[in-house]
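Order of appearance sets the numbers: ligands from 1, and atoms from 1 within every ligand. Just so you know, these numbers use all the heavy atoms, side chains as well, and skip hydrogens, waters and symmetry mates. Computed from a predicted structure; not experimentally measured.
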Amino acid sequence: MISQRQYASRRRDLMAMMQSNSIAVIAAAPERIRSKDTYYPYKQSTNLSYLSGFPEPQSVMLLIPGRQQGEVVFFCRDKDPLRETWDGYRQGPEGAVKNFGADDAFPINDIDDILPGLLEGRDRVYYSIGKDAEFDRHLMEWVNGARDIHGSDLTSPGEFVDLDHLVSEMRLIKSAAEIKLMRKAAEISARAHRRAMQTSRPGLYEYQLQAEMEHEFMLSGATGPAYTSIVGGGKNGCVLHYIENSDKLRSGDLVLIDAGCEYQNYAADITRTFPVNGRFSRQQAAIYDIVLASQAAAMEMIAPGLEYHLANEAIVRVITQGLVDLKILKGDVDELIARDAHRDFYMHNSGHWLGMDVHDVGDYKIDNHWRIYEPGMMLTVEPGIYIDPHNMNVDEQWRGIAVRIEDDLLVTANGYENLSAEVPSDRQEIEQLMAS
Ligand code: GLY
Ligand code: MN
Ligand code: MN
């Protein structure tokens, strides 16, 4: 759990980075209708979660450094016994003060009357610019409202600054409490992958392995999947974000599972590829071992002080060499690398930051230079080889084979720690687990 003390300290850190005489406006995510009058499960905006842990929709938090009556102001839904009977508990403004560190809190219905007065006299507004058109419009109305208070624009903010940039930099380096939650997310997800490996057999449907995974997630206290689970048997694995999960699994095929849970707002993101029937064919084994070797080479490039792109370069080299060895690519390895020949078979990158968002926030480059790893960063390393079933330039024996291997790494003082190592990726270990 993230303590209220930690949320308060994050808000203080953010306010310390804001320029003088400014205000930050952080809105809850909108609720989204799935069908007629039922909604998608609610997902709080990750920035509001990060800065407050406040779980409810229809809320807005303001950070107003230096405000005499208190720097943290909330707007949220009022208590409403009838609505709470139908939809569940509400904190109400009292709860925002008592449980979420607000100095002041008001009903969200009063925001149009109150917020312009709080903007008055501030020079600049920090907010997530352009992420939610409706919120953008509201904010302009409030700013214009502040203008109207004295009939002059001298007292209203004239400058808008992107809040996300500041918060993203904070979120990129995980605290001890965050690492603990992410460790747990990875641990649950690894257990689910083991379960899927042990359950797999020809004749099952992809969605049945998905169910095994997600069953394990929820049994273990995760909210559910952090993103739509991908279970692709055979050539379906060639579709990078295949989510139909509707086909029957066939003996002799591989199955690629890319699934991770969300645990207390933090994501895991793990991929394993294994034979449906428990035994790799010669061709599958050959492709698999290249991907695994490329991942090992990439992981050697992950340590404080090393640049982000080196992992991908390591992957490209190992994959290109491997495909040349198998005569799937033909030519000189350096020349093939120079012209990105791997792109037909490995068309994504080494991975991404991982955190509250599965593709987490944080820049990969700063002033056009690749970012350098620092302890506390969390990232995936996920090379893959996908041989299009219709690729007539490749000998038939290879077509339709897809392999991705993805792990979740924490950058430590000396290198990295693999948080998802509990699920085997070694070929023999997978076969052993599946046979047990
Ligand atoms: N699950 C999407 C990804 O691996 O990035
Ligand atoms: Mn993934
Ligand atoms: Mn990923």
Side-chain angles (χ1 to χ4, degrees), residues 43 46 171-172 174 182-183 185-197 206-207 209-210 212-214 216-217 222-233 236-245 254-263 265-274 288 291-292 294-295 298-299 301-302 308-309 311-312 314-316 319 345-364 371 373 377-386 402-411 416-425:
K43 171 79 176 150
T46 42
R171 283 174 52 184
L172 182 56
K174 273 67 179 176
M182 294 193 68
R183 209 183 276 290
E187 180 192 305
I188 293 170
S189 306
R191 192 155 62 234
H193 276 273
R194 294 174 68 97
R195 180 182 176 126
M197 285 178 183
E206 292 164 340
Y207 57 76
L209 289 188
Q210 177 183 3
E212 291 290 340
M213 299 285 306
E214 295 180 9
E216 190 67 44
F217 291 169
T223 333
Y227 53 94
T228 307
S229 303
I230 296 166
V231 182
N236 292 341
C238 292
V239 179
L240 299 179
H241 288 166
Y242 172 82
I243 54 172
E244 285 87 346
N245 302 349
L254 295 174
V255 56
L256 182 160
I257 302 186
D258 182 344
C261 74
E262 185 172 293
Y263 184 79
N265 285 320
Y266 286 84
D269 182 7
I270 304 177
T271 307
R272 288 293 184 272
T273 310
F274 54 89
Y288 190 92
V291 177
L292 189 62
S294 77
Q295 195 201 31
M299 287 180 181
M301 295 296 139
I302 291 168
Y308 185 84
H309 65 110
N312 198 53
I315 290 169
V316 168
I319 286 182
F345 304 97
Y346 165 57
M347 57 293 282
H348 51 81
N349 283 309
S350 62
H352 48 86
W353 307 128
L354 182 68
M356 300 183 90
D357 288 299
V358 63
H359 297 158
D360 207 31
V361 295
D363 290 335
Y364 294 89
R371 182 139 216 160
Y373 293 116
M377 290 176 168
M378 199 75 82
L379 70 153
T380 69
V381 178
E382 48 178 307
I385 294 179
Y386 315 90
V403 174
R404 176 163 68 253
I405 306 170
E406 174 173 31
D407 282 283
D408 299 347
L409 270 50
L410 165 68
V411 180
Y416 67 88
E417 181 187 339
N418 182 351
L419 301 186
S420 46
E422 278 305 301
V423 50
S425 50

Any idea which atoms of ligand 1 are less than 4.0 Å away from a heavy-atom of [X]?
| X | answer |
| --- | --- |
| D258 | 1 (N), 2 (C), 3 (C), 4 (O) |
| E382 | 3 (C), 4 (O), 5 (O) |
| Y227 | 1 (N) |
| E406 | 4 (O) |

N245 CG to I230 CD1 distance, which is reported to the nearest 0.5 Å: 8.0 Å
Determine, for [X] against [Y], whether the closest basic-nitrogen to carboxylate-oxygen distance falls under 4.0 angstrom.
| X | Y | result |
| --- | --- | --- |
| K174 | D360 | yes |
| R194 | E212 | no |
| R272 | E406 | no |

The Mn ion (ligand 3) contact by H352, N, O or S atom under 2.8 Å: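 Yes.
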The Mn ion (ligand 3) to nearest N/O/S of E406 below 2.8 Å: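 It does: E406 brings an N, O or S atom closer than 2.8 Å to the Mn ion (ligand 3).
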Can you see whether [X] engages [Y] through a side-chain donor-acceptor pair at a distance of less than 3.5 angstrom?
| X | Y | value |
| --- | --- | --- |
| Y242 | D258 | no |
| T380 | D408 | no |
| Q210 | E214 | yes |

H359 to ligand 1, any heavy atom closer than 4.0 Å: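 Judged by the 4.0 Å heavy-atom criterion, H359 does count as contacting ligand 1.
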Distance-only N or O hit between ligand 1 and H241, under 3.5 Å: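 N/O-N/O distance below 3.5 Å does not exist for this pair.
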The Mn ion (ligand 3) to D269: nearest N/O/S atom name: OD2
Side chain, backbone, both or neither: T271 near ligand 1, heavy atoms under 4.0 Å: neither
Contact flag E382/the Mn ion (ligand 2), N/O/S atoms, threshold under 2.8 Å: no
Validation row, ring centre Y386 to ring centre H348 under 6.0 Å: yes
